[in-house]
Amino acid sequence: MSGTVLPGTPIAVDFWSLRKAAGARLFFLSHMHSDHTVGLSSTWSRPLYCSPLTARLLHRRLQVPMCWIRPLEVGQSHVVDEVTVTLIDSNHCPGSVMFLFEGTFGTILYTGDFRYTRAMQAEPALRGRHIDCLYLDNTNCHPQRALPSRALATRQAAHLIRAHPQHHVVIGVYTLGKETLLMDLALEFGTWVVVSPWRLEQMRLLELPDVFTAEEGAGWIRAVDVAEIRWDTLVTWNTLHPTIAIIPTGRPMKVTHPNIHLIPYSDHSSFAELREFVKWLKPCSIIPIVKGDMCQVYFQEFLSSAPQVLPDFKVSKAMQESGQWQSRRRRQKHTSLWKRAPWRSVPQGVVYESPEKNTEKPETFTDVKVPQHYCDPALCSKEGCTCHKGEKEELSGEQLGRAGAASVSSEHLATTFAEQYLLTPLNILKQNSSQTFDQLVEDFFRKGDTP
């Protein structure tokens with residue numbers, strides 16, 4: 001996963017190439033897995049927002065200077081450079097969070113890597129929330145990716161261990177994650193979990209229960225790096241003592257030794273859990289985080305068809321009759337609609353001032369790259385949807401202007417413009433450059449002024 005620059009916003013999440021993240025002012029880290037931290041090191045020199053636990057790991061493990069790390073409390077709303085952000089536990093690994101962003105761009109939920117549970121429906125920040133765009137962890141977004149709950153997978157691991165009472169157990173894990181599984185097995189069987197000194201230091205940094213030790217032979221369950229689970233190591237371990245290896249993973253893997261066992265323990269949501277989550281949340285649109293895996297078709301029936309709350313651009317009757325309003329609107333910069341529009345999400349929570357606060361407003365529609373929205377016309381529930389699965393279609397300025405002018409009164413001209421062009425980027429913008437967009441705006445207002 002290379003991370004994401006959220007279109008139309010100054011926000012980059014899990015994205016560490018400053019060259020590729022051009023235009024982003026705010027950087028957020030969802031968690032500390034290595035595929036999310038590429039490029040983070042002692043040379044990092046931008047404010048970086050994350051959870052307090054991730055902040056500790058970030059400094060200790062990657063030597064990112066503390067002066068650039070901005071820990072934000074989980075469950076609270078914070079105002080960062082005019083963007084309201086709320087961190088929500090993502091149930092993935094220690095310190096992992098989802099980000100709920102609110103601003104003039106709407107309301108965006110970025111799940112990062114997450115494992116959905118129904119307890120998330122009790123999250124105050126999500127209950128009854130209108131979500132304009134959901135960036136979804138689609139790791140297991142396929143009907144064939146059925147996975148048990150982590151509690152059930154833990155019981156499967158315990159059953160396997162009981163079936164080999166004379167064996168030592170080696171469990172392959174990554175540098176971060178699966179700690180809950182290790183703790184549950186340690187308590188279930190009343191044994192220490194032996195880890196490396198490096199991992200023991202991390203367990204203490206995470207403030208986990210005291211069931212881990214670096215003393216060899218103190219326990220008969222060991223946790224090692226998953227890369228150590230292979231044919232030659234199993235042969236060596238079994239010459240010393242009968243040993244089985246367990247790899248807790250939701251991914252299909254090739255097993256190279258009969259004593260290697262895969263347990264479907266995953267820190268990513270199953271396909272059924274993803275469907276339940278989207279059905280409950282009812283976002284207006286979905287963008288998959290894992291690139292190249294377009295999964296929107298599985299959620300089309302759950303997307304919200306409710307109209308978005310738009311800025312109030314009511315104009316006095318006298319001004320409408322004189323025509324002064326329309327001519328004045330044409331003289332303004334078209335992007336000012338986006339910049340000046342009040343939004344329903346008023347900045348709230350703890351104000352977190354950025355030391356690099358940029359007083360200049362970004363050029364909102366400059367080189368906006370919006371992922372193509374794929375849907376099946378037979379399944380698409382969005383009124384007026386112009387999407388077609390597998391193909392891209394752009395309407396000319398004349399077509400858009402004609403479509404708009406046919407049904408728009410002067411009283412609601414700006415509101416309709418905002419709805420069609422500003423607040424439905426997946427349906428309308430379709431990767432238009434700022435120059436093309438400005439031309440569309442010109443055509444729209446020109447058509448709106450034609451009697």
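Heavy-atom basis, side chains included; hydrogens, waters and symmetry copies ignored.
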message: Checking side chain to side chain donor-acceptor pair (under 3.5 Å) between Tyr116 and each of Glu273, Gln121, His268, which is the one that passes?
response: Gln121
message: Could you tell me if the side chain of Leu303 sits less than 4.5 Å from the side chain of Pro283, heavy atoms only?
response: yes
- request: Taking Ser270 for its side chain and Ala146 for its backbone only, find out whether a donor-acceptor pair lies under 3.5 Å.
  value: no
query: Does a side-chain heavy-atom distance below 4.5 Å link Leu274 with Ser269?
result: yes
message: For Phe99 together with Tyr49, are the ring centres under 6.0 Å from each other?
response: no
- prompt: Just by distance, do the side chain of Ser285 and the backbone of Asp132 share a donor-acceptor pair under 3.5 Å?
  reply: yes
query: Given the rule in the salt bridge (charged side-chain N to carboxylate O under 4.0 Å, His left out) test, do Glu228 and Arg222 qualify, once you have shown the distances and angles that lead to the verdict?
result: CA-CA 12 Å; Glu228 293 186 45; Arg222 270 195 303 145; 5.7 Å; no
message: Could you check whether Thr84 and Ser77, counting side-chain N and O atoms only, form a donor-acceptor pair closer than 3.5 Å?
response: no
Stepwise side chain to side chain contact (heavy atoms under 4.5 Å, CB included) test for Tyr174 and Val226: CA-CA 6 Å; Tyr174 294 103; Val226 69; 3.4 Å; yes
query: Looking at the rings of Phe27 and Trp68, which for Trp means the six-membered one, are their centres under 6.0 Å apart?
result: no
task: Check for a donor-acceptor pair, side chain of Ser42 on one end and backbone N or O of Val64 on the other, with a separation under 3.5 Å.
output: no
- request: May I have the step-by-step check of side chain to side chain contact (heavy atoms under 4.5 Å, CB included) for His257 and Arg230, ending in yes or no?
  value: CA-CA 7 Å; His257 192 283; Arg230 56 183 189 270; over 6 Å; no
- request: Hey, can you tell me if Tyr298 and Phe271 have their rings parallel, tilted or perpendicular (30° and 60° cut-offs)?
  value: perpendicular
- prompt: Are the side chain of Asn238 and the backbone N or O of Thr243 linked by a donor-acceptor pair below 3.5 Å?
  reply: yes
message: Checking Gln76 against Thr86 for the side chain to side chain contact (heavy atoms under 4.5 Å, CB included) test, could you report, in this order, the C-alpha distance in whole Å, the side-chain angles of both residues, the deciding distance, and whether it holds?
response: CA-CA 6 Å; Gln76 296 183 12; Thr86 306; over 6 Å; no
query: About how many Å separate CG of Leu206 and CG of Leu176, when rounded to the nearest 0.5 Å?
result: 6.5 Å
Aromatic ring proximity, centroids under 6.0 angstrom, His164 and His159: no
message: So does Leu48 get a backbone contact from the side chain of Arg70, meaning a donor-acceptor N/O pair under 3.5 Å?
response: no
- prompt: Got a salt bridge between Glu276 and Arg118, using NZ or NE/NH1/NH2 to carboxylate O under 4.0 Å?
  reply: yes
message: For a side-chain hydrogen bond (donor to acceptor under 3.5 Å, both in side chains) check, start with the C-alpha distance between Thr236 and Thr233, then their side-chain angles and the critical distance, and finish with the verdict.
response: CA-CA 5 Å; Thr236 300; Thr233 53; over 6 Å; no
message: Measuring from atom CD of Gln156 to atom CD1 of Ile161, what distance do you get when rounded to the nearest 0.5 angstrom?
response: 12.0 Å
message: Less than 6.0 angstrom separating the ring centers of Phe277 and Phe114, yes or no?
response: yes
message: Assess whether a salt bridge exists between Arg199 and Glu179, defined as any Lys/Arg side-chain N lying under 4.0 Å from an Asp/Glu carboxylate O.
response: no
- prompt: Looking at the rings of Phe28 and Phe101, which for Trp means the six-membered one, are their centres under 6.0 Å apart?
  reply: yes
- prompt: Does the side chain of Ser96 pick up a donor-acceptor pair with the side chain of His31 at under 3.5 Å?
  reply: no
statement: Rounded to the nearest 0.5 Å, the CG atom of Asp89 sits from the CZ atom of Arg115 at a distance of 14.0 Å
- prompt: Considering all heavy atoms of both residues, which atom of Glu73 and which atom of Pro52 are nearest to each other, and what is their separation?
  reply: OE2-CG, 3.7 Å
Between SG on residue Cys295 and CD1 on residue Ile287, distance to nearest 0.5 Å: 11.0 Å
field: salt_bridge(Lys279, Glu301) N-O dist < 4.0 Å
entry: no
query: Is there a donor-acceptor contact under 3.5 Å from the side chain of Trp280 to the main chain of Lys282?
result: no
- request: Taking all non-hydrogen atoms of both residues into account, name the closest pair between Tyr135 and Pro7 and its distance.
  value: OH-CD, 2.9 Å
- request: Decide yes or no for Arg275 and Phe302: does some side-chain heavy atom of the first lie under 4.5 Å from some side-chain heavy atom of the second?
  value: yes
- prompt: Does Arg129 use its side chain to pair, donor to acceptor, with the backbone of Ala125 at less than 3.5 Å?
  reply: yes
- request: Measure the OG1-CD1 distance between Thr256 and Ile229 for me, rounded to the nearest 0.5 Å.
  value: 9.5 Å
query: Roughly how far, to the nearest 0.5 Å, is the NE2 atom of His92 from the CE atom of Met32?
result: 12.5 Å
task: Determine, using ring centers only, whether Trp220 and Phe189 are less than 6.0 Å apart.
output: yes
task: Determine whether Leu205 and Arg60 make a side-chain contact, defined as any pair of heavy atoms from C-beta on separated by less than 4.5 Å.
output: yes
- prompt: Any donor and acceptor pair, going by atom type alone, linking the side chain of Thr111 with main-chain N or O of Asp137 inside 3.5 Å?
  reply: yes
- prompt: Distance only, no hydrogens: is a donor on one side chain within 3.5 Å (strictly under) of an acceptor on the other, for His142 and Asn140?
  reply: no
message: Would Arg204 and Asp210 count as a salt bridge (charged side-chain N to carboxylate O under 4.0 Å, His left out) here? Give the steps.
response: CA-CA 8 Å; Arg204 290 172 177 169; Asp210 188 20; 5.7 Å; no
statement: Shortest non-hydrogen pair, Val193 vs Leu182, comes out as CG2-O, 3.8 Å
field: Distance-minimising heavy-atom pair for Arg145 and Pro252
entry: NH2-CD, 4.1 Å
- prompt: Can the positive tip of Arg61 be found less than 6.0 Å from the middle of the six-membered ring of Trp198, inside 45° of the ring normal?
  reply: yes
- request: Answer yes or no: is there a side-chain heavy-atom contact under 4.5 Å between Ile108 and Thr9?
  value: yes
Worked check of side chain to side chain contact (heavy atoms under 4.5 Å, CB included) between Leu181 and Leu185: CA-CA 6 Å; Leu181 172 64; Leu185 293 177; 4.0 Å; yes
Closest non-hydrogen atom pair between Gly219 and Thr191, with its separation: CA-OG1, 3.5 Å
